[in-house]
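Please find one structure pasted underneath; my questions will follow.
For the numbers below, each heavy atom of this structure counts, side chains included, while hydrogens, waters and symmetry mates do not. Start at 1 with the first residue, then count along the sequence.
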Amino acid sequence: MTDLTADEARRIILRAQGFLGATARGGGVPAMLRRVGAVQLDTISVLARSHELVAYARLGPVGRSVVERAYWDAPARAFEYWCHAACVLPIEQWPLYAFRRRAYRERRYRWHEVPPVVDKVLEQVRSDGPLTTADIGGAKNGGPWWDWSDTKIAIEFLLDIGEVVCTRRVGWRRVYELAERAVPADLLAQDLSDDECVTRLTTIAGRSLGVATRADLVDFTRVKGGHAAMLDEALLSGAAGLVPVRVSGWPARRGADPDGPNAWADPDALESEPRGRHRTTPLSPFDSLIWERARAERVFGLNHRLEAYVPKDKRVHGYFAMPVLAGGRIIGRVDPAREGATLVARQVGFEPGNGRARAVEAMSDALWEAASWVGCTDVRVERVGAPDLEAPLRAAVARGPRAPIR
């Protein structure tokens, strides 16, 4: 068992996630996707959609069209499926989700009853595909967002069970195609058992997270019941290739030896000390660095939740408050918006315990680089939660970017 300080674990996590070190940018967006293992999708778009923000956070001002092509292009380099949530996944992971596709097929239900038109919809894709929901009859019945049409329910069930796949989007609409036509034949031919799927996904989760508790790994893969037991066996037997570690300050699993290991690590990540330059960047709340609240609090001392669905008068940090990473720590949060060519920081907050002057400069740098990436030429700060830092932040922002935007 390897002993790690909480700081050592944090730096290993930052390197594993692509925020620390010169090698993080190698290979561009496709390599970034493989490094993090899964990029969560979400409909909210403020500065950009979350899947774009994840790439930007690690690579800097990479072209947004470059990001889109890396996710949705032909031939397929990625596909959409259920991992931590609805995610973009590297296409080579297709065989690893056979266990989930089989489970959906056996259950024949998820959020809605599967309608009788499912076979008709499959034949429509077979004869006319690739298709969007608009091509097969529309997504909704006209009511609330969850009031899906029968054809939408059918096509999503076909996606769940792997008869169709989404490897491309038009606008924000999924394009559905037969898996046999879109997924490379060598990947389609692989027939893995549930145990093999879960074991290999546990390896990916461990490598992507760097250092993780059992709960972190379960959250990444979203396994439960018998599949969670397979994850446990893959860890304990060594089949997942992760090694037990003890991180000081991290809690032990309930019922476990308090002096024993409390986490798992990618052995390659333990071989060298993480070094190099840290990224300074705002983070999407759906970024895999912080997407799980308990882990974000354990690693960064960050207690954060998305307030987009919280009534406006009850919000603390703002509609889409983005934690800001600098020097390997969360220094504050910004709730951004755009007004023409101006990036508006509607609300800026600073976390306690950081070097105050450095935090101000880092926040200004983060705002200016993000502004440049989305095509803004000005930055305006509206509200600052720390009275003692309001004047310094406004002055730093007014001076403009300290260095040329990369």
Side-chain angles (χ1 to χ4, degrees), residues 1-17 19 35-40 54 81-87 89 93 96-97 99-100 103 194-195 197-267 269-270 283-306 323 330:
M1 184 179 68
T2 300
D3 287 310
L4 297 172
T5 66
D7 188 63
E8 288 170 335
R10 177 183 56 83
R11 289 173 60 81
I12 290 170
I13 289 165
L14 288 165
R15 182 175 63 182
Q17 281 278 302
F19 289 101
R35 176 187 291 274
V36 300
V39 171
Q40 185 174 346
V54 168
Y81 202 63
W82 302 101
C83 179
H84 165 83
C87 290
L89 304 163
Q93 289 188 21
L96 309 187
Y97 287 88
F99 81 102
R100 186 154 287 155
D194 284 16
D195 186 72
C197 292
V198 172
T199 297
R200 288 170 62 175
L201 285 175
T202 304
T203 303
I204 290 170
R207 184 175 64 239
S208 299
L209 296 176
V211 181
T213 65
R214 187 259 188 190
D216 295 337
L217 297 169
V218 168
D219 177 75
F220 188 106
T221 56
R222 290 291 168 94
V223 292
K224 58 184 179 180
H227 293 133
M230 293 175 189
L231 180 146
D232 289 332
E233 176 59 25
L235 291 173
L236 295 174
S237 70
L242 305 179
V243 296
V245 296
R246 177 168 180 77
V247 183
S248 61
W250 286 22
R253 186 178 174 187
R254 183 177 299 178
D257 179 359
D259 296 320
N262 57 6
W264 300 85
D266 172 16
L270 301 177
L283 299 168
S284 163
F286 305 109
D287 194 296
S288 52
L289 185 69
I290 56 169
W291 66 16
E292 208 282 308
R293 291 178 65 183
R295 178 175 169 85
E297 187 159 11
R298 186 188 332 122
V299 176
F300 295 106
L302 176 71
N303 186 347
H304 187 78
R305 71 165 176 160
L306 179 68
I330 303 297

Does any N or O in the side chain of S208 come within less than 3.5 Å of the main-chain N or O of R35, such that one atom is a donor and the other an acceptor?
->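 Yes, because the side chain of S208 sits within donor-acceptor range (under 3.5 Å) of the backbone of R35.
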Separation between CG of D266 and CZ of R207, rounded to the nearest 0.5 Å | 7.0 Å
For the atom pair CG (D216) and CD1 (I13), what is the distance rounded to the nearest 0.5 Å?
->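 Here the rounded value is 7.5 Å.
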Pair V299-V211, side-chain contact (heavy atoms from CB on, under 4.5 Å): steps then yes or no | CA-CA 10 Å; V299 176; V211 181; over 6 Å; no
Can you list the steps and then say if Y81 with R100 is a side-chain contact (heavy atoms from CB on, under 4.5 Å)?
-> CA-CA 10 Å; Y81 202 63; R100 186 154 287 155; 3.8 Å; yes
Does a side-chain heavy-atom distance below 4.5 Å link P244 with W264?
->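 Yes, side chains in contact.
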With a 4.5 Å heavy-atom cut-off, do T213 and R298 have their side chains touching?
-> yes
Please confirm whether the backbone N or O of L96 pairs with a side-chain atom of R200, one donor and one acceptor, at under 3.5 Å?
->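 Pair absent, no side-chain N/O of R200 close to backbone of L96.
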Closest non-hydrogen atom pair between I290 and S284, with its separation | CD1-O, 3.6 Å
Would a distance-only check, ignoring hydrogens and angles, find a side-chain to backbone donor-acceptor pair under 3.5 Å from R222 to D219?
->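 Side chain of R222 to backbone of D219: a pair is present.
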Interatomic spacing from CG in L289 to CG in L209 - rounded to 0.5 Å = 9.5 Å
So, do E8 and V247 sit near enough that their side-chain heavy atoms are less than 4.5 Å apart?
->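 Side-chain contact under 4.5 Å: no.
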Validation row, ring centre W291 to ring centre F220 under 6.0 Å | yes
Counting N and O atoms only, with roles assigned by atom type, does the side chain of R15 sit under 3.5 Å from a partner on the main chain of A269, one being a donor and the other an acceptor?
->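 The answer is yes, because a donor-acceptor pair under 3.5 Å joins these two groups.
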With H227, the side chain to side chain donor-acceptor pair (under 3.5 Å) member among D194, T221, D195 = D194
One should read off an interatomic distance between T202 OG1 and R214 CZ, to the nearest 0.5 angstrom, of 10.0 Å
Just how far is it from atom CZ of F19 to atom CG of L283, taken to the nearest 0.5 Å?
->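 Reported value, rounded in 0.5 Å steps: 5.0 Å.
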Exercise: identify the closest heavy-atom pair between P285 and L306 =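 Scanning both residues, the minimum pair turns out to be CG-CD1, 4.1 Å.
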Compare every heavy atom of T203 with every heavy atom of A239, then report the nearest pair and how far apart it is.
-> O-OG1, 4.5 Å
To the nearest 0.5 angstrom, please state how far the CE atom of M1 sits from the CG atom of N262.
-> 8.0 Å
For the pair L217 and L231, evaluate side-chain contact (heavy atoms from CB on, under 4.5 Å) and give the outcome as yes or no after the intermediate values.
-> CA-CA 8 Å; L217 297 169; L231 180 146; 4.2 Å; yes
Given Q17, Q40, R295, the one that forms side chain to side chain donor-acceptor pair (under 3.5 Å) with S288 | Q17
Heavy-atom closest pair, residues L89 and C83 = CD2-CB, 4.0 Å
